[in-house]
2 protein chains.
Amino acid sequence: MSEGVEWAVHSCLNLTWLPSGQAVPAAKLAAFYGLPAAYLNKQLQALARAGIVTSTSGPRGGFQLARSPETITLLDIVVAIEGADAAFRCEQLLKEGPGADPTVDYRQSCLVSQAMSRADLAWRKELAGQTLAGLKAQVEQRYPATPGNTVNRFTALRA
Amino acid sequence: MSEGVEWAVHSCLNLTWLPSGQAVPAAKLAAFYGLPAAYLNKQLQALARAGIVTSTSGPRGGFQLARSPETITLLDIVVAIEGADAAFRCEQLLKEGPGADPTVDYRQSCLVSQAMSRADLAWRKELAGQTLAGLKAQVEQRYPATPGNTVNRFTALRA
DNA sequence: GAATATGTACTCGGATACACATTGTCCGAGTCGATGCGG
DNA sequence: CCGCATCGACTCGGACAATGTGTATCCGAGTACATATTC
């Protein structure tokens, strides 16, 4: 899986602690973890295309969450970065096998493909069950200093 | 995910229908689906290293299942080809964040990492629940002609 | 003093290189079976 | 006829290229703010 997923999730989480309506430039989100700014920008663009964040140009511009953290799941973020395709893609080998029917879509009927799809579905279900708001709550309960630390660092980067 | 996984699963499944003790060369397993022989051979080597199949050199040599299909899961095959690493690998971004503790292993304590691990675990659990024997039984029930067709094609390839 | 035109700095966005992993190919080491020879 | 040495063909195994995807970077288009100018 692409490394950008991790960056995107942590960056979105950081955005949840900032006052609503405030945009943060990619450069600051990147500096927060010492990441390459231009490349993180690319990932944020993907999040913007997926409707997870909104982007604003010019001074005082940047990125902010497009909707409430309760409505953003980890799956949303992963799909935005990695694409919607399943990890296992059936190439329909059975089309070349004995007793093959050219009219059949083996992505549906192949039992191997079905088993892989079930696993993929279980994975997606687990990710879809975690919202950004839920994650935020967990962090705040376990590490109460995090929200304050985060805001402080962002203001410090303002220099 | 690597395409070799699909090839490996189908090839292993084909092996379950052949008489026990009979080795099949990689060239025939590849010809069965019209795959590049040398590259499939590479994947079969990985299965051999993982103890899923055994390899025999020389005439009448080839590959055969190393153990009973009841003891071979889809997860075993996927791990043999793809490696044991999880799809999401935590790079411990939090080490660069505010309030970071250098002695902490954030692959364990980071809640993002934990959520991703749970999803990965659900995926693995689903794959581990499917044995080669179970898959074989499903195919035989739904497509009773498959075992015969498979053996016939392999003997035809003997020419 | 207020409104407006202008300049400037800042931000995203896409186009452009680089690196690595996956995919694909090839040839050599080893092994088994067949064959021919000798007993 | 039987046993054995030799030969040959077949198979895996790892080393060697080609390709595609992910990673990283740079520069241009657009925007909002601040400033200077004019009424």
Side-chain angles (χ1 to χ4, degrees), chain A residues 1-8 11 15 21-31 33-66 78 80-83 85 87-89 91 93 154 157-159, chain B residues 1-8 11 15 21-31 33-66 78 80-83 85 87-89 91 93 154 157-159:
Chain A
M1 175 172 324
S2 173
E3 190 174 353
V5 171
E6 187 177 7
W7 302 0
S11 293
L15 287 176
Q22 175 172 351
V24 182
K28 279 176 195 165
L29 286 169
Y33 292 121
L35 302 174
Y39 189 34
L40 177 62
N41 187 23
K42 196 177 180 61
Q43 316 290 355
L44 292 171
Q45 286 176 33
L47 292 179
R49 276 191 295 270
I52 295 173
V53 301
T54 59
S55 63
T56 314
S57 285
R60 317 278 296 178
F63 295 90
Q64 54 186 307
L65 292 180
V78 170
I81 304 293
E82 289 281 292
D85 291 347
F88 179 90
R89 65 209 134 98
E91 296 290 343
L93 291 190
F154 272 119
L157 289 172
R158 189 164 300 277
Chain B
M1 174 173 324
S2 172
E3 191 174 353
V5 172
E6 187 178 7
W7 303 359
S11 293
L15 286 176
Q22 176 173 349
V24 183
K28 279 177 195 167
L29 286 169
Y33 292 121
L35 302 175
Y39 190 33
L40 177 61
N41 187 21
K42 199 177 178 60
Q43 316 290 354
L44 292 170
Q45 286 175 33
L47 293 179
R49 275 192 294 271
I52 294 173
V53 301
T54 58
S55 62
T56 315
S57 285
R60 318 278 297 178
F63 294 91
Q64 55 187 307
L65 292 181
V78 170
I81 304 293
E82 290 280 294
D85 291 347
F88 179 90
R89 65 212 133 102
E91 295 290 344
L93 291 190
F154 272 120
L157 289 173
R158 189 164 300 277

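Throughout, protein chains are lettered first and strands after them, A, B, ... in sequence-line order, and every chain is numbered starting at 1.
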*Considering all heavy atoms of both residues, which atom of Ala66(A) and which atom of Gly51(A) are nearest to each other, and what is their separation?*
CB-O, 3.5 Å
*Spacing between Glu91(B) atom CD and dG22(D) atom P, to the nearest angstrom*: 16 Å
*Determine: side-chain N/O of Ser57(A) to OP1/OP2 of dG13(C), distance under 4.0 Å, yes or no.*
no
*Kindly say if Arg49(A) contacts the phosphate of dC12(C), meaning a side-chain N or O under 4.0 Å from OP1 or OP2.*
no
_To the closest 0.5 Å, what do you measure between CG (Leu157(B)) and CG (Leu29(B))?_
9.5 Å
_Nucleotide dT23(D), atom C1' - distance to CE of Met1(A) in whole Å_ = 17 Å
*List the atom of Gln64(B), the atom of Gln22(B), and the distance in Å for their closest heavy-atom pair.*
CB-O, 3.7 Å
*Which of the following nucleotides, dT23(D), dT25(D), dC12(D), is nearest to the side chain of Pro36(A)?*
dT25(D)
*Please state how far atom CG in Leu40(A) lies from atom C1' in dG13(C), giving the value in whole angstrom units.*
14 Å
*Mind listing the closest non-hydrogen atom pair of Ala46(A) and Ala80(A) along with its distance?*
CB-O, 3.7 Å
*Does a nitrogen or oxygen in the side chain of Gln45(A) sit under 4.0 Å from OP1 or OP2 of dC12(C)?*
no
*Starting at CG of Asn41(B) and ending at P of dC26(C), how long is that distance when rounded to a whole Å?*
14 Å
_Side chain of Pro59(B), heavy atoms from C-beta onward: which of dC32(C), dT11(C), dT23(C) has the nearest atom to it?_
dC32(C)
*According to a strict under-4.0 Å criterion, is Thr56(B) in side-chain N/O contact with OP1 or OP2 of dC32(C)?*
no
*Options dC12(D), dT25(D), dC26(C), nucleotide nearest the side-chain atoms of Ala38(A)*: dT25(D)
*Calculate the interatomic distance between Lys42(B) atom NZ and dA18(D) atom P; express it in whole Å.*
16 Å
*Counting any heavy atom closer than 4.0 Å, what does Ala27(A) reach on the DNA or RNA strands: base, sugar-phosphate only, or nothing?*
nothing
_Length of the line joining Tyr39(A):OH and dC26(D):C1', which is rounded to integer Å_ = 16 Å
*Would you call Leu40(B) and Ser11(B) a side-chain contact if the rule is heavy atoms closer than 4.5 Å?*
yes
*Gln64(A) has an atom CD; how far is it from atom C1' of dT11(C), in whole Å?*
14 Å
_5′-ward residue of the pair Gly58(A)/Ser2(A) relative to DNA chain D_ = Ser2(A)
*When you get a sec, tell me which of dT23(C), dC12(D), dG13(C) is the closest nucleotide to the side chain of Pro25(B)?*
dC12(D)
*Figure out the CZ/C1' separation between Arg60(A) and dC33(D), and round it to whole Å.*
10 Å
